[in-house]
A.B. asks: 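Below is the structure I would like to discuss, written out as C-alpha cells.
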Amino acid sequence: MSARSFDFNKNAFPQIKEYAQTLRDIRRDFHKNPEIGLVTPQTSGKIASLLRSFGVDEVHEGIGGCGVVGVVRGARPGSLRVGLRADIDALPLAELSSHDHVSQIGGCMHACGHDGHAAVLLGAAKYLAETRDFPGEVVLIFQPGEEGWSGAKHMIDDGLFDRFPVAEVYALHNSSALEPGKIALNYGAMQAAADAFTITVKGKGGHASRPQMNHDPVLASAHVIVALQSIVSREVDPLETAVVSCCSLQAGDPRAQSVCPETCQIVGTARTFSPEVRDLVEKRIGEISACIAAGLGCEAQTKYERFYPPVINTPAQAKILADIAADLVGEENVDRSYPRMAGGEDFAFMLEKVPGAYIRIGQGGAPAHNPYFDYNDDVTPLAATLLAAGMDGRRKLEICFGHG
Ligand SMILES: [Zn+2]
Ligand SMILES: [Zn+2]
C-alpha cells in the first residue's frame, strides 16, 4: 500500500469542504441507524428534511416506496436537466467493528457505503442549492433497495423519469479496491447483468433395472449441462464474454438407488455485459435444453429470470465525468479503462432509460459486504464535488479554477 501522496480534496469546491464535518455527522447517523431493502422510512425522512433545510426547491417523498427526489433550479439560463442518484439502503449483516458510530440495529449494517453515498449527494444538494450557478435543473434521486431489491426499477415504474425527466443521469460508488483519491470508470459496460435460470427436465420414471421402459431425466440433464457450456465457447463472440454456470442439480432421492426419477432440475446463473449477448444466452439456454432433452426422450422447460441489466456507461457522459475527475485529482489518478466487473448494480435500470455514467471513487479500507467495512468520510468533499460538477460538465470547474 502506498502512502497517501497527495491532497485529493485540494480541488473540491471550497463550500463543500466547509461542510465536510456536517456531512460526516450525517453519514455516521445513517451508519448507526441502517435500514434494509425497500423499506427505509427513517433514512428517507431524514434525507427529505435535510433537503428542505438546504433550501432545495422541491422535495418529493414516497416515490417507488421510500424513494426521495429533490429538485434544484439553477440561476443561469438553460434547460439541461441532470439526474444525480445515490443508493441509501444497508445490508442484512452483523457489524463487527467497535468504532463510535457502529450500527445500533442488530444484524443490519451499512456494509456497502450507501450511507456515504447518501451523505455525498446531500453535500452536492446543499452546494447546488446555495450557489445555483448552473443552467437548468438538477434532480436529486435518493433510492432505496439497491442490494437485490430493484429499488431503481421501483422508482422508475412509479414514474421517476416521467415526473422528473432528465437528459443525463450520474451515480458513483465507493471502492475499497482503489486508494483514496483514485477514480475509475470505463466508456462501456461497468457491471454485468445477473440473471438466473431453472431448467426442469421431465422424463418417465420407473424401475432403474428396466431402463428401456423409462426416459431418464438424470442422463438427459447431464447432457444438457455439458451442452450449455458450448454457448460461451461456440456461440458468444470471442471478443465479448459471458458466464453460464450450472450450480445446482436435483433429482430423485438418495435412498432410492433403484428408482429412475420423473424429473431433474438444473439451477444456475448467467452473467452478460451487453443486451445482445444477454438475449443470445437466454435464447440458447432454452433451445439447447429443449433439443438435447428431446433427443433423449425427455422434455425440458426453462425459466429464465432477468434480475439486474448490465450497467453500461454511455461514452459521452462517461467522458464528462472522467474529465471532471481528472480536473479534481489529476489525469494520473483517473483510470478511464477500468475493468468491468461481474457483480450487479441496479443503477443499470436508470441507464437503460437515460444516457449517463457510473463511476468508482477510491476509499481504501475493508472490502464491501465485509463486517468490518466502513465508508471513508475523508473522500466526501471530493465525491460531492464530482457529482455537483456533473451537473454542468467541465464548464463548472473551468469557471471555478480558470483552466480549460
Ligand atoms: Zn453492495
Ligand atoms: Zn453498493
Side-chain angles (χ1 to χ4, degrees), residues 27-28 30-31 33-40 43-44 47 64 66-68 84-97 103 105 107-122 124 141-155 169-178 180 182-185 189-194 269 271 307-313 321 338-351 356-377 379-380 383-384 386-387:
R27 199 285 294 183
R28 293 186 175 188
F30 290 148
H31 194 91
N33 301 285
E35 293 175 297
I36 295 173
L38 297 167
V39 185
T40 59
T43 311
S44 300
I47 287 167
C66 287
V68 179
L84 304 175
R85 171 271 205 176
D87 43 12
I88 64 172
D89 57 315
L91 281 159
L93 179 68
E95 185 161 21
L96 296 180
S97 295
S103 170
I105 313 291
C108 177
M109 72 171 285
H110 272 290
C112 206
H114 300 181
D115 48 346
H117 302 168
V120 163
L121 187 54
L122 285 165
I141 304 163
F142 294 87
Q143 177 226 300
E146 191 287 320
E147 297 284 4
W149 305 81
S150 301
K153 186 169 189 306
H154 280 82
M155 290 188 78
V169 67
Y170 297 100
L172 59 76
H173 204 294
N174 72 83
S175 171
S176 304
L178 300 167
K182 303 277 186 189
I183 297 176
L185 80 173
M190 288 285 287
Q191 309 267 139
T269 186
R271 304 291 165 114
F307 293 136
Y308 291 177
V311 173
I312 300 175
N313 286 347
L321 218 44
Y338 197 59
R340 53 196 171 180
M341 295 166 72
E345 153 69 62
D346 78 346
F347 184 57
F349 288 113
M350 297 194 186
L351 289 179
Y358 176 78
I359 193 164
R360 294 198 164 266
I361 182 158
Q363 69 150 31
H369 295 209
N370 176 287
Y372 291 98
F373 178 91
D374 194 22
Y375 170 79
N376 182 352
D377 293 294
V379 303
T380 294
L386 183 64
L387 284 187

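Keep in mind that this is a model prediction, so the values were computed, not measured. Counting starts at 1 for both ligands and their atoms, in listed order.
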A.B. asks: Asp87 side chain to His114 main-chain N or O, any donor-acceptor pair under 3.5 Å?
C.D. replies: no
A.B. asks: Pull up every protein N/O/S atom sitting under 2.8 Å from the Zn ion (ligand 2), skipping waters.
C.D. replies: Cys112 SG, His114 NE2, His173 NE2
A.B. asks: Relative to the ring of His110, is the ring of His31 parallel (under 30°), tilted (30 to 60°) or perpendicular (over 60°)?
C.D. replies: tilted
A.B. asks: Could you tell me whether Asp374 and Arg27 have a side-chain N and a carboxylate O separated by less than 4.0 Å?
C.D. replies: yes
A.B. asks: May I ask you to decide if Ala152's main-chain N or O and Asp346's side chain share a donor-acceptor pair within less than 3.5 Å?
C.D. replies: yes
A.B. asks: Short question: side chain of Tyr308, backbone of Ser150 - any donor-acceptor pair under 3.5 Å?
C.D. replies: yes
A.B. asks: Between Glu35 and Thr43, is there a donor-acceptor pair closer than 3.5 Å when you use the side chain of the first and the backbone of the second?
C.D. replies: yes
A.B. asks: Of all N, O or S atoms in His369, identify the one at the shortest distance from the Zn ion (ligand 1).
C.D. replies: NE2
